Every structure is written in C-alpha cells, then in structure tokens.
Amino acid sequence: MAVTASPAAKDARAIEFLSSTRKMLINGEWVESASGKTFATYNPADGSELAQVAEGEAEDINRAVAAARKAFDEGPWANTPPNVRSKLLWKLSELVEANADTFAELESLDNGKACTMAKAVDVAGTVEHFQYMAGWATKIDGRTFKMSTPGHIGYTLREAVGVCGQIIPWNFPLMMAAWKLGPALAMGNTVVLKPAEQTPLTALLLGELIAEAGFPEGVVNIVPGFGETAGAALSGHPDVDKIAFTGSTEVGKLIMQAASGNLKKVSLELGGKAPNIVFDDADLEAATAGAAMGIFFNQGQVCCAGSRLYVQKKSFDNVIGALTDAASNLKIAPGMDPSCEMGPLISDEQFDKVTGMVAGGLEAGAKATTGGGPVDGPGYFFKPTVLVDTDPSMQVVREEIFGPVVVAAPFDDIDDLAREANDTPYGLSAGIWTSNITKANQMAAKLKAGTVWINCYNVFDPHLPFGGYKESGIGREMGPEVMDLYTEVKAVCIGGL
Ligand code: NAP
Ligand code: MG
C-alpha cells in the first residue's frame, strides 16, 4: 500500500497565501519577528515545505502583550459595547464562511487532514462557534440580592479578565483558535494567540479576517513560534492575566508552573484515553461505525478519541470483525485528494511516536487484527490499527497514542468495567452504546469523564461544554460554562439603605 503525491492548492487565495513568507500580527500590523528569523511549515502528506513563517520569540511576545495590554487598558476595546463585540464576531463568522475553501485547503495542506473534512468539520464548526459566542456577548449578567446585614444589598458584575494568552495545538488548528478567541472576545478580553509550530497557517489567515471584520488594533495578536520560546514567554509573562492552553498533559503542567509567577488564571484542555463501551444490547452496526469514527477520525489525533474499546463478551468477535473490516477499507491518501478518508499523521515526530508505541505493544503480546505499522511511501501515513489481546498494564492501553490505534478488550461484569474504564489518569470523555437507557445512565454516572456520549461519539456543539476530569484539564470550554474562564466576578456591596 503506497500513497500518491499530494495535490497542490487550487484555491486562488490559498495559492497567494502560500506564495510569500507569513508575518505575525501585532497591534494591527503584519510584522516580521524582532530577530528576523523564520521557520518552515510542512505538508505532512509528502514532507514538502509549504511556506516560511515569522518565528516569534520572547521579544515578539513582549510586543504583542504590550499591544494587548494597551488595547485592554486604554484602547477602544474597553469601551466597545457588547452589541458591537457581538456584531464583530458575527461578521468574522461570515468572513470565515466566505473563505471556507481557502481555509479548508490550507488546513488540509498544513495538517494533513482530508480537505473535505476540514471544510465540513473544522471550517463549519468555526463559523458556528463564532456565531454562538457572538450571541453570548450581549447576555452576560450578574445577580442582585438583599443581604442579611440590614440596610445592605449586593450585586455582582462579570468583567473581562484582561489580556489572555492562548496556546493551541496542531490537531484542529483553526477550530482551536476559534474555541479560544470566540469566548475571550465575546467577554471583552484582548488576546495573544500562539498557534502550534506545525500548523500556523489558518490562524494567520484568520488574523487577516479579524482585521477585515473591524476588530480594533491590538485586540487580537497572533505570534507563531515554538513552544519552548514563544509559548514559554507567553505563559510566564507578568502582564498576561489568563492563559488558556490545549495540548499535551505534560506541557499543561509546565504551563501551570509558568503561570504561577503572577498567579494568572489557567484553563487547560489536555490529553485523553477515552473508554468507548459497547453493550450486547446495542445497535451493533451503529456502535461499530461509532467505534471506527471515534478512533480513526482526524487520524486518531483527537484528545477525546475513543482509544480504548470495551465490548461485552458475547459481541466481541462480531464487533472486532466489523471494525477490522471498516479500518482496512479506509481510503488512505493525501488530504487534498478528494477521495481521502484518512490522511497522514502531523509530523515525523508523531509518526515515530505512534510507530514506536504500536511496535512496543506488539512486542508486549498485543495482536493487530489490521494495520499495525506505517504505510510505504512519502509522508507520515500510518495504517488504521486495531489491537486485541492486550492487558491493562501495557503502555498502549495506559498512554495516549494520538494516532489511529484502538486497543480493544472484552468485558463481562459492569462493576469491573467501570473500574477498568476509570483506571487512567485521564478523564476527558467516554462513549456508551446500549439500547437500555437505565443502563446507559447508570454507566454514565460511574464514568469519571467531562463528556459522556451515549449512542453517539465525537458530537460537538458550541452549547455543550467540553473539558476534562483529572489530568485531562481544568475548566470547561463552550456552553455557558466558558464564561467562567473569561470573566472575573466583582461583588459590589451597598450599605446605608
Ligand atoms: P504540545 O507540546 O503540548 O503542544 C501544544 C502547544 O503547546 C503548541 O502550541 C506548542 O508549541 C506549545 N508548547 C510546547 N511546549 C511549550 C512550553 N514549554 N510552554 C508553552 N507552550 C508550549 O503537543 P505536541 O508536542 O504537539 O504533541 C505531543 C502530544 O500531545 C501528542 O502526541 C498528543 O498526545 C498530545 N496532544 C494533545 C492535544 C489535545 O488536543 N489535547 C493536541 C495536540 C497534542 P509548539 O507547537 O511550537 O511546540
Ligand atoms: Mg504543517
């Protein structure tokens, strides 16, 4: 099995965008890095260079934070009324929609995902997210109450936190930018955003549209660069009031440490090792399709991927047989190929990590019913893989692989299953497949996970909060809950009444 060379961009704006070095957005201007340094971003389907991008470091972060600080403290943003913030976000959503093809192609080229998926999921999800958050800008309120102390009343105000540093990963580059920017801007904060080094392009295109939509200068600053330099400078910056991060649990811990200097607010969306549970009484066809999509979507590079599949004993062979067929039939191709159902992994580093972990699992005694290794040819393609004969102590069962690899095990007893499903430091998400609603709710109550999908998987909605228990994170993005991440509550107490 070998894949063909990656088709190039077809969209005129995407071609134009890739034709020159991309600069960073600071204080409403597109500028080079202070050092003049640039770095390359690559197409993971063939390893070719797509573009050079300005490389932000501490000095650039300082400039961006100063611009965001000024826009928050003195600039027009502080006095921009909620309905204007709402209209700006809605306008941005319309501009993203109008440039859907450009975004989809750039995302596909930079990340490797299927262009069709990028358009249907990432771009459409971004539009929807900005529109939902546009609605929230005008709906932030507090409480009023009579106090027990005679002659006193209290009220609360929700105010913007201030300058928000936002650091995002490479798996959903545009959508993660939207999840971060949408609520921050709706609540009246200013932002310094650092995209992942592997996928800076769509965040930078979004920066162009943010300017076009009419956001005042300095409200959104976008500084591409590396985690150890730009990311570390942002998370440790004394003038940043809040840091929001999505990525690995390991780096999440570093962010918390860096944030402790000025005790900036921290919200984290981290890794996962989600159990996806199929009971005998489930619609097994739907459950198998859900199990396949749950792990193979986005090449398995999804923090909430259903990477541990538990199937009730009687149905195990059937479900694994059908899942194996589904995996072997996925069309592996560059994301820009319209027939692509699975693209490459993001990078050589991720390719080595997934390849190494699966090899380790096989050595430890696991068996691959399909896949189990890389695809021949250029690019970082890895075969969709189903591992059975695992045991709970194996690294492939315990650690996040972040690739198209599911470990599957049969179960008998529901109490044992709950214990096993929760036997992980992670707690981001879980799936349950059954036609018995009582059983579904009983199981949902037992699972320590921020999201539980019942008879569905990977379903997102801007109204549905998302975030992790345990080491999968702190805070909830989306839904009304995200307001807690981007506002401070001021309690005002009035006496003498
Ligand atoms: P990562 O290192 O956690 O990267 C996420 C973001 O954090 C990137 O923007 C990265 O910048 C930045 N960063 C890295 N080190 C930093 C530091 N010391 N201070 C501040 N920011 C820093 O993730 P990765 O290396 O790309 O992937 C490694 C593993 O993380 C994956 O295999 C997967 O298990 C997990 N992961 C999880 C998610 C998720 O959605 N939960 C997403 C991606 C990866 P650079 O890109 O410039 O290094
Ligand atoms: Mg790239």
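Residues: numbered from 1 along the sequence shown. The structure displayed is predicted, hence computed values, not measured ones. Both ligands and their constituent atoms are indexed starting at 1 by order of listing.
Between F39 and F226, a ring centre-to-centre spacing shorter than 6.0 Å is recorded. Aromatic rings from W179 and F130 are positioned such that their centres are separated by 6.0 Å or more. Residues W433 and Y457 place their aromatic rings such that the two centres sit no closer than 6.0 Å. Taking the ring centroids of W136 and Y486, they lie at or beyond the 6.0 Å cut-off.
Between the side chain of Q299 and the backbone N or O of G343 there is at least one donor-acceptor pair closer than 3.5 Å. Between the side chain of N276 and the backbone N or O of L309 there is no donor-acceptor pair closer than 3.5 Å. Counting only distance, with no hydrogens or angles, the side chain of K194 and the backbone of G225 share a donor-acceptor pair below 3.5 Å. Within the 3.5 Å criterion, the main-chain N or O of T369 finds no donor-acceptor partner in the side chain of T324.
For atom 25 (O) of ligand 1, no protein non-hydrogen atom is found at a distance below 4.0 Å. For atom 4 (O) of ligand 1, the nearest protein heavy atom lies 4.0 Å away or farther.
Contact annotation: for Q350 versus ligand 1, heavy atoms closer than 4.0 Å belong to the side chain alone. Under 4.0 angstrom from ligand 1, the non-hydrogen atoms of L270 all belong to its backbone. Counting heavy atoms closer than 4.0 Å to ligand 1, residue W170 contributes side-chain atoms (C-beta onward) but none from N, CA, C or O. Here Q301 has no heavy atoms under 4.0 Å from ligand 1, in either its backbone or its side chain.
Counting protein heavy atoms only, atom 14 (C) of ligand 1 is closest to G227 CA, 3.5 Å. The closest protein non-hydrogen atom to atom 1 (P) of ligand 1 is S248 OG, 3.6 Å. Given atom 2 (O) of ligand 1, the protein heavy atom at minimum distance is V251 CG2, 3.4 Å.
Close N/O approach between E228 and ligand 1 is not found [any backbone or side-chain N/O within under 3.5 Å]. Between S235 and ligand 1, not a single N/O pair is under 3.5 Å apart. Checked against a 3.5 angstrom limit, the closest N/O atoms of G247 and ligand 1 fall inside it.
Remark: K470 fails to qualify as a cation-pi partner of Y426 under the 6.0 Å distance and 45° angle criteria applied to the six-membered ring. In this structure, R22 satisfies the cation-pi test against F17, with its NZ or CZ atom closer than 6.0 Å to the six-membered ring centre and inside 45 degrees of the ring normal.
Shown in contact with P169 at under 4.0 Å from a heavy atom are these atoms of ligand 1, numbered in order with element: 42 (C), 43 (C). Under a 4.0 Å criterion applied to the non-hydrogen atoms of E400, ligand 1 contributes the atoms 33 (C), 34 (O), 35 (C). Under a 4.0 Å criterion applied to the non-hydrogen atoms of I168, ligand 1 contributes the atoms 6 (C), 8 (C), 9 (O). Each of the atoms 45 (P), 46 (O), 47 (O), 48 (O) of ligand 1 lies under 4.0 Å from some heavy atom of E197. Those atoms of ligand 1 with a heavy atom of I255 less than 4.0 angstrom away are 20 (C), 21 (N). For ligand 1, the atoms sitting less than 4.0 Å from at least one non-hydrogen atom of F226 are 47 (O), numbered in the order shown with element in parentheses. Residue contact check: G231 has heavy atoms under 4.0 Å from atoms 19 (N), 20 (C), 21 (N) of ligand 1. In the vicinity of T246, heavy-atom distances shorter than 4.0 Å reach the ligand 1 atoms 5 (C), 40 (O).
With distances taken over non-hydrogen atoms, the option nearest atom 44 (C) of ligand 1 out of F245, F402, F39 is F402.
Residues N99 and R13 have side chains that bring a donor and an acceptor to within less than 3.5 angstrom of each other.
Ion pairing of R398 with D423 is present here, as a side-chain N (NZ or NE/NH1/NH2) and a carboxylate O approach within less than 4.0 Å.
At least one heavy atom of G225 sits under 4.0 Å from some atom of ligand 1.
Between V96 and V123 there is a side-chain heavy-atom pair separated by less than 4.5 Å.
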